[in-house]
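Just so you know, ligand 1 is whichever comes first in the structure, and atom 1 is the first atom listed for that ligand. Since this is a predicted model, take the numbers as computed values, not measurements.
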Amino acid sequence: MELEDSLFPLLREVNIGIDAYEVFQDAEWALLIGAKPRGPGIERADLLDINGQIFAEQGKALNAVASPNVKVMVVGNPCNTNALICLKNAPKIPAKNFHALTRLDENRAKCQLALKAGVFYDKVSNVTIWGNHSTTQVPDFLNAKIDGMPVKEVIKDDKWLEHEFTEKVQKRGGALIQKWGRSSAASTAVSIVDAIKSLVTPTPEGDWFSSGVSSAFLIAANLNSGNLFLSCLGEGGEKWLSHHFTMYTAGLHKWKSLWYSRRHSFQHAMQIKGRW
Ligand SMILES: NC(=O)C1=CN([C@@H]2O[C@H](COP(=O)(O)OP(=O)(O)OC[C@H]3O[C@@H](n4cnc5c(N)ncnc54)[C@H](O)[C@@H]3O)[C@@H](O)[C@H]2O)C=CC1
Ligand SMILES: O=C([O-])CC(=O)C(=O)O
């Protein structure tokens, strides 16, 4: 009822069902949110036993009945691993069509940087979230900008950036659960909309956004030099952007261990530019 009352310009019909093979029929977009949330003191990874199965089944159903070019945004946690499970169960759907939601982390990072700098959040750009949607993620302030200037030139407080900021973004989900007893809902919904808008509309010149995509798209990485070169495969009408990033030491260290220990899992956030 609330969906109908919201007068969404693209909403034509609401169908409710419990059979994934019915509800995914010819779907062009699938936002996979239905999954158990964590409670206080629990890590997202602890949900895998319960939630993993959901995404295996949904992957199979999408593979069988959705549009062959369906785009899938996995939200249910642990979202990176669930996205990989879903992808592996849907071999007919291009792997590049699967995303894990890291946009909420990007938005959280932007909010913290804006608050610290005393600017409105729309002045913050070029924010990257490296790694999993978990407490191991690395919100990248080194390549981020405030009003077009490197963050470190605006916020001259390295201790805050490297510790307080990083930890705040990493643990924001848990902090919300501690406070309210349940996980974020409104900001998650907004971030899903933001993520999809970013995927289907041109990225503002010089900016980028973060989304969790399969590590199969990382074709080159020079981790030893301090420069991380990421390159994504471009297919169809999609324009993937390559970037050079200088990671700050702690970030590089974390990224390195993520890359080596879990290189085959679905956990790398990266920048994507342009239309889907
Ligand atoms: N990636 C991200 O940034 C975020 C991820 N999440 C995750 O999203 C998921 C949903 O969170 P909430 O909406 O707060 O939980 P909720 O408990 O309010 O809703 C979960 C819904 O999933 C449904 N569900 C249960 N089993 C299902 C199945 N097999 N197939 C389809 N639907 C099923 C339930 O009926 C319920 O309506 C959780 O895993 C949570 O951790 C939440 C916030 C942010
Ligand atoms: O923390 C959680 O479990 C829900 C979530 O993913 C977030 O709010 O980032």
Side-chain angles (χ1 to χ4, degrees), residues 1-3 14-25 27 30-62 65-66 72-87 89-90 98-112 127-139 166-196 198-199 209-213 265-269:
M1 281 158 62
E2 283 204 83
L3 283 172
V14 179
N15 289 316
I16 298 171
I18 55 165
D19 180 354
Y21 287 81
E22 251 174 50
V23 293
F24 290 156
Q25 191 74 47
L31 316 179
L32 305 188
I33 301 164
K36 187 180 161 63
R38 64 178 170 149
I42 296 172
E43 283 298 326
R44 296 180 184 95
D46 300 333
L47 299 169
L48 189 57
D49 277 354
I50 300 169
N51 287 345
Q53 190 55 35
I54 296 175
F55 294 88
E57 281 159 19
Q58 296 194 340
K60 282 180 196 145
L62 285 164
V65 302
V72 185
M73 180 65 68
V74 178
V75 180
N77 278 316
C79 62
N80 302 69
T81 313
N82 289 336
L84 181 70
I85 292 172
C86 194
L87 178 161
N89 280 281
F98 290 82
H99 286 254
L101 187 77
T102 44
R103 184 50 170 267
L104 181 55
D105 306 299
E106 179 185 324
N107 289 358
R108 286 169 173 165
K110 281 181 168 165
C111 166
Q112 292 306 318
V127 170
T128 314
I129 303 297
W130 302 101
N132 244 336
H133 175 63
S134 78
T135 48
T136 59
Q137 70 177 263
V138 180
T166 300
E167 217 177 294
K168 201 156 204 169
V169 179
Q170 288 172 330
K171 297 189 175 162
R172 188 73 163 174
L176 268 149
I177 292 170
Q178 285 294 348
K179 197 166 173 67
W180 300 115
R182 57 157 303 143
S183 44
S184 57
S187 56
T188 305
V190 168
S191 73
I192 297 169
V193 174
D194 286 347
I196 293 169
S198 292
L199 286 167
F209 61 94
S210 293
S211 192
V213 298
S265 68
F266 197 102
Q267 60 175 329
H268 304 288

**Student:** Among all residues two or more places apart in sequence or in another chain, which pass the salt bridge (charged side-chain N to carboxylate O under 4.0 Å, His left out) test with Glu167?
**Tutor:** Lys171
**Student:** Which of the atoms in ligand 2, numbered in the order shown and given with their element, are less than 4.0 Å from a heavy-atom of Asn77?
**Tutor:** 3 (O), 4 (C), 5 (C), 6 (O)
**Student:** So, taking the atom named CZ in Arg108 and the one named OG in Ser184, what distance separates them when rounded to the nearest 0.5 Å?
**Tutor:** 4.5 Å
**Student:** Does the side chain of Phe24 reach to within under 4.5 Å of the side chain of Leu32, using non-hydrogen atoms?
**Tutor:** yes
**Student:** State whether a side-chain donor-acceptor pair under 3.5 Å links Asn82 with Asn51.
**Tutor:** no
**Student:** Looking at residues at least two apart in the chain, or sitting in another chain, which of them share a salt bridge (charged side-chain N to carboxylate O under 4.0 Å, His left out) with Lys60?
**Tutor:** none
**Student:** Provide the closest heavy-atom pair for Gln178 versus Gly41 in the form atom of the first, atom of the second, distance.
**Tutor:** NE2-N, 4.0 Å
**Student:** Heavy atoms only, cut-off 4.0 Å: how does Arg172 contact ligand 2, side chain, backbone, both, or neither?
**Tutor:** neither
**Student:** Give me the nearest non-hydrogen protein atom to atom 6 (O) of ligand 2 as residue plus atom name, then the distance to 0.1 Å.
**Tutor:** His133 NE2, 2.6 Å
**Student:** When you compare ligand 2 with Ser183, is there at least one nitrogen or oxygen pair between them that comes in under 3.5 angstrom?
**Tutor:** no
**Student:** Give the numbers and elements of all ligand 2 atoms closer than 4.0 Å to a heavy atom of Gly173.
**Tutor:** 1 (O), 7 (C), 8 (O), 9 (O)
**Student:** Answer with side chain, backbone, both or neither: which part of Asp105 has a heavy atom less than 4.0 angstrom from an atom of ligand 2?
**Tutor:** neither
**Student:** Take every heavy atom of Leu176, measure it against each atom of ligand 2, and state whether any distance is under 4.0 Å.
**Tutor:** no
**Student:** Counting each atom of ligand 2 from 1 as listed, which ones have a heavy atom of Ser184 under 4.0 Å away?
**Tutor:** 7 (C), 8 (O)
**Student:** Which parts of the protein, at residue level, reach under 4.0 Å of ligand 1 through a heavy atom?
**Tutor:** Ile33, Gly34, Ala35, Lys36, Pro37, Asn51, Ile54, Gln58, Val75, Gly76, Asn77, Cys79, Leu101, Leu104, His133, Arg182, Ser183, Ser184, Thr188
**Student:** Identify the heavy atoms of Ala90 and Gly59 that sit nearest to each other, and give their distance.
**Tutor:** CB-O, 3.4 Å
**Student:** For Asp49, is the CG atom crowded, meaning more than 12 foreign heavy atoms sit under 6.0 Å from it?
**Tutor:** no
**Student:** One residue to check: Ile177. Relative to ligand 2, which of side chain, backbone, both or neither has a non-hydrogen atom less than 4.0 Å away?
**Tutor:** side chain
**Student:** Once salt bridge (charged side-chain N to carboxylate O under 4.0 Å, His left out) is applied, do any residues pair with Lys168, and if so which ones, sequence neighbours excluded?
**Tutor:** none
**Student:** Indicate yes or no: at least one non-hydrogen side-chain atom of His133 is less than 4.5 angstrom from one of Leu101.
**Tutor:** no
**Student:** First locate atom CD1 of Ile50, then atom CG of Asn77, and finally report the distance between them rounded to the nearest 0.5 Å.
**Tutor:** 12.0 Å
**Student:** Just heavy atoms, cut-off under 4.0 Å: does Leu104 contact ligand 2 by side chain, backbone, both, or neither?
**Tutor:** side chain
**Student:** Ignoring hydrogens, just give me the one of Arg108, Gln170, Lys171, Arg38 whose non-hydrogen atom is nearest atom 7 (C) of ligand 2.
**Tutor:** Arg108
